[in-house]
Amino acid sequence: MTDLPRFFCADAARRRADPLPGTAPFGVVWVLIEYPGGWPSNGFDGLDLEPGVKALVFAAAQSVKARILLIRRHGRRTLGGPRRWAVLRYGGSGAHRQQWGTWTRDEELAGIVAALAAPGEPGLPPVVLVCAHGLHDTCCAVRGRPAARALSRLHPELVWESTHVGGDRFAANVVALPDGVYYGGLDAATAVTTVEEHLRDRIHADHLRGYTDLVPAQQVAVTAALQHFGPAGRHAWTVTATTRLDDHWHVHLSGHPPHPALLDVEVRSHRTPPRQLTCRGLARSSTVVYEATGLRWG
């Protein structure tokens with residue numbers, strides 16, 4: 001009997017040419033908890049923390065639909081010293097907020113609860129997350145860690161490895177926070193150029209999965225604008241209206257100069273055949289794909 005070849009979901013996604021645009025999960029609030037040790041496959045849920053504190057943090061995050069991610073610096077596995085936590089909020093142009101704290105004992109994570117109820121500070125440096133959650137999905141480690149290594153050399157204070165951010169098959173995945181911008185299909189070299197451009201407020205359509213404050217059809221519309229008119233800032237395009245009829249969407253964008261003031265993007269969606277989407281998930285699932293089919297401006 002011969003062994004079956006090992007399945008890598010990111011390799012399969014590239015062979016199928018799975019589209020990246022429209023695949024960023026929705027969300028505008030994130031809780032980051034530094035945990036340098038090994039991460040359970042289910043991330044924060046699997047940590048052996050004091051149950052009362054863990055339940056308190058989870059309930060507070062759930063109440064504002066915040067996503068909890070574990071983070072660590074690339075290559076730093078020491079468990080000594082205080083660890084950091086953060087609450088990050090996307091609030092539109094110029095309104096991003098962050099609040100940071102430290103913890104050594106489980107009980108100190110309760111500070112996250114208060115931070116979720118507070119406005120936070122504006123103007124702090126961005127955070128760059130690279131999914132490297134190998135126990136969740138092999139491709140996240142195989143493709144994520146080289147990207148994290150390359151980015152950490154250039155921006156050691158901005159870059160963290162993180163637990164599962166969604167879309168294993170698009171590894172390496174990089175998320176810029178609190179901007180809420182997802183990039184995928186990266187390697188070490190493209191991760192560096194993509195993040196360098198992002199930090200200059202130049203977002204390219206290449207490798208863009210989407211903005212997390214938008215629904216998939218809107219993400220695709222913005223990506224189509226970037227593809228047609230070239231890279232632009234995070235808030236160069238604003239969604240002003242969206243209409244839907246079955247699998248047909250019209251997304252209206254407002255552009256800032258030198259882009260057109262009004263842009264109408266036609267988007268269609270369809271469901272793919274069932275297929276294996278992750279390295280570990282043997283069950284086959286279908287996904288909804290969104291594609292821009294036309295642009296009009298005046």
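These numbers come from a predicted model, not from an experiment.
- Side chain of Asp106 to main chain of Leu49: no donor-acceptor pair is present (N/O by atom type, distance under 3.5 Å, no hydrogens or angles).
- For the pair Pro178 and Arg97, the minimum side-chain heavy-atom distance is 4.5 Å or more.
- With a 6.0 Å cutoff to the six-membered ring centre and a 45° limit on the axis angle, Arg89 does not count as a cation-pi contact of Trp30.
- Side chains of Thr102 and Arg84: a donor-acceptor N/O pair is absent below 3.5 angstrom, by distance only.
- Ile68 is not connected to Leu135 by any chain of hydrophobic side-chain contacts under 4.5 Å among Ile, Leu, Val, Met, Phe, Trp and Tyr, and they are in different clusters.
- Residues His155 and Glu196 have side chains in contact (heavy-atom distance under 4.5 Å, counting atoms from C-beta outward).
- Judged by distance alone, with hydrogens and angles left aside, the side-chain atoms of Asp137 form a donor-acceptor pair with the main-chain N or O of Cys139 at under 3.5 Å.
- Among residues at least two apart or in separate chains, ring-ring contact (aromatic ring centres under 6.0 Å, His included) pairs with a member in residues 255-287 are Trp237-His259.
- Tested against Arg268 for a side-chain contact (heavy atoms from CB on, under 4.5 Å), the candidates Val220, Val289, Thr293 yield a single pass: Thr293.
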*side chain to side chain contact (heavy atoms under 4.5 Å, CB included) between Asn173 and Arg209: does it pass, once the steps are laid out?*
CA-CA 9 Å; Asn173 286 297; Arg209 291 182 55 190; 2.8 Å; yes
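- Arg244 contributes a side-chain N or O that, together with a main-chain N or O of Asp246, makes up a donor-acceptor pair within less than 3.5 Å.
- Remark: Arg72 is not positioned above the aromatic ring of Tyr35, lacking an NZ or CZ atom under 6.0 angstrom from the ring centre and at most 45 degrees off the axis.
- Looking at Ser286, its side chain never comes within 3.5 Å of a backbone N or O of Arg271 through a donor-acceptor pair.
- No donor-acceptor pair under 3.5 Å is formed between the side chain of Thr242 and the backbone N or O of Val251.
- Note that CZ of Phe7 and CZ of Arg280 are 13.0 Å apart. Values are rounded to the nearest 0.5 Å.
- Taking the side chain as every heavy atom from C-beta outward, Phe229 and Pro258 never approach each other to under 4.5 Å.
- A donor-acceptor contact shorter than 3.5 Å links the side chain of Lys54 to the backbone of Asp45.
- At least one side-chain heavy atom of Tyr183 sits less than 4.5 Å from a side-chain heavy atom of Leu208.
- Cation-pi contact between Arg73 and Trp160: present, with separation from the ring centre below 6.0 Å and deviation from the ring axis of at most 45°.
- Ion pairing of Asp11 with Arg143 is present here, as a side-chain N (NZ or NE/NH1/NH2) and a carboxylate O approach within less than 4.0 Å.
- Under the 3.5 Å distance criterion, the side-chain polar atoms of Glu108 are matched with a main-chain donor or acceptor of Thr104.
- Expressed to the nearest 0.5 Å, how far CG of Leu69 lies from CD of Glu34 amounts to 13.5 Å.
- In the hydrophobic clustering of this structure, Val267 groups with Leu295; members are Ile, Leu, Val, Met, Phe, Trp, Tyr whose side-chain heavy atoms approach within less than 4.5 Å, directly or through other members.
- Not a single donor-acceptor pair under 3.5 Å links the side chain of Ser152 to the backbone N or O of His74.
- Ser63 contributes a side-chain N or O that, together with a main-chain N or O of Ala60, makes up a donor-acceptor pair within less than 3.5 Å.
- With contacts defined as side-chain heavy-atom distances shorter than 4.5 Å, the pair Val29/Leu116 qualifies.
- The closest side-chain donor-acceptor pair between Glu266 and His250, if any, does not fall under 3.5 angstrom.
- Between His235 and His96, the angle of the ring planes lies from 30° to 60°, which puts this pair in the tilted group.
- In the hydrophobic clustering, where aliphatic and aromatic side chains (Ile, Leu, Val, Met, Phe, Trp, Tyr) are joined below 4.5 Å either directly or transitively, Leu20 groups with Phe170.
- Residue pairs that meet the ring-ring contact (aromatic ring centres under 6.0 Å, His included) test with at least one member in residues 119-139, sequence neighbours left out, are Trp39-His133, His133-His136, His136-His164.
- Val128 places none of its side-chain heavy atoms less than 4.5 Å from the side chain of Val175.
- For the atom pair OG1 of Thr223 and NE2 of His204, the computed distance is 13.0 Å after rounding to the nearest 0.5 Å.
- Taken to the nearest 0.5 Å, the CG atom of Leu124 stands 8.5 Å off from the CG atom of Leu88.
- Contact detail for Ser254 and Thr240: the closest heavy-atom pair is CB-CG2, 3.6 Å.
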*side chain to side chain contact (heavy atoms under 4.5 Å, CB included) between Val159 and Val130, worked out*: CA-CA 7 Å; Val159 177; Val130 185; 4.2 Å; yes
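- Tyr90 is not connected to Leu214 by any chain of hydrophobic side-chain contacts under 4.5 Å among Ile, Leu, Val, Met, Phe, Trp and Tyr, and they are in different clusters.
- Here the straight-line distance linking atom CZ of Phe26 with atom CZ of Arg67 works out to 13.5 Å at 0.5 Å rounding.
- The line from CG of Asp168 to SG of Cys131 is 7.0 Å long, rounded to the nearest 0.5 Å.
- Linking Ile, Leu, Val, Met, Phe, Trp and Tyr whenever their side-chain heavy atoms come within less than 4.5 Å leaves Ile71 and Leu151 in two separate clusters.
- Taking 4.5 Å as the limit, every side-chain heavy atom of Tyr182 sits out of range of all side-chain heavy atoms of Gln219.
- Side chain of Thr190 to backbone of Leu186: no donor-acceptor contact under 3.5 angstrom is found.
- Counting only heavy atoms from C-beta outward, the side chains of Val174 and Leu129 never approach each other to under 4.5 Å.
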*Please walk me through it: do Asp18 and Arg275 pass side chain to side chain contact (heavy atoms under 4.5 Å, CB included)?*
CA-CA 12 Å; Asp18 288 4; Arg275 52 208 183 185; 3.6 Å; yes
*Could you check Arg169 against Thr287 for side chain to side chain contact (heavy atoms under 4.5 Å, CB included), going step by step and ending with a plain yes or no?*
CA-CA 12 Å; Arg169 67 191 184 280; Thr287 58; 3.9 Å; yes
